Amino acid sequence: MPSDPQKLIEKHPSLTHSELMKVMSHVQRHQGDWVLHTLMVEGCTVPFKFKRKNQYQNLKGARVNMTYYPTQETVAGIDLEIMKVVRIKRG
């Protein structure tokens, strides 16, 4: 059963849904039992991150629909804004 982004947004108002965002960069790296994915999309300087149990197809150059929320991550003592992806689909 596919998830409906509208139902997620109604349940959690802090979520944002964007469609047909072009992926400029997609990096996958292992982090324990998980694979951490980092996306950079066209027109945005903030990275989008999500985890999966397995590697995912390369999304560089693809259009994707994402549901995400802003959060902060500390790297080397510096707070950086990131977008935490809760749902991603090819567009």
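All values reported here derive from a predicted model rather than from experimental measurement.
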Minimum heavy-atom distance between [X] and [Y], given as atom pair plus value:
{"X": "L59", "Y": "V23", "result": "O-CB, 3.2 Å"}
{"X": "K22", "Y": "G61", "result": "CE-O, 4.1 Å"}
{"X": "S14", "Y": "Y69", "result": "O-CB, 3.8 Å"}
{"X": "I88", "Y": "F50", "result": "CD1-CE2, 3.9 Å"}

- Before giving the answer on side chain to side chain contact (heavy atoms under 4.5 Å, CB included), spell out for M21 and F48 the whole-Å C-alpha distance, their side-chain angles and the decisive distance to 0.1 Å. CA-CA 11 Å; M21 299 172 77; F48 291 77; 3.8 Å; yes
Looking at [atom1] of [X] and [atom2] of [Y], how far apart are the two atoms once the value is rounded to the nearest 0.5 Å?
{"X": "E19", "Y": "N65", "atom1": "CD", "atom2": "CG", "result": "4.5 Å"}
{"X": "K84", "Y": "K49", "atom1": "NZ", "atom2": "NZ", "result": "8.5 Å"}
{"X": "M83", "Y": "T71", "atom1": "CE", "atom2": "OG1", "result": "10.0 Å"}

- Item | Cluster check V64, M24: I/L/V/M/F/W/Y, side chain < 4.5 angstrom | no
List, one per line, each side-chain donor-acceptor pair under 3.5 Å for residues 30-41, sequence neighbours excluded.
from : atom 1 : to  : atom 2 : distance (Å)
H37  : ND1    : H26 : NE2    : 3.1
T38  : OG1    : R29 : NH2    : 3.2

- Tell me, with the steps shown, if H17 and L15 meet side chain to side chain contact (heavy atoms under 4.5 Å, CB included). CA-CA 7 Å; H17 180 74; L15 290 175; over 6 Å; no
- Message: Is there a side chain to side chain contact (heavy atoms under 4.5 Å, CB included) between T16 and T67? Walk through the geometry before answering.
- Response: CA-CA 6 Å; T16 304; T67 306; over 6 Å; no
- Step by step, would you call R52 with Q28 a side chain to side chain contact (heavy atoms under 4.5 Å, CB included)? CA-CA 10 Å; R52 293 263 169 121; Q28 303 180 54; over 6 Å; no
- Could you name each residue pair satisfying side chain to side chain donor-acceptor pair (under 3.5 Å) that touches residues 53-63, not counting sequence neighbours? none
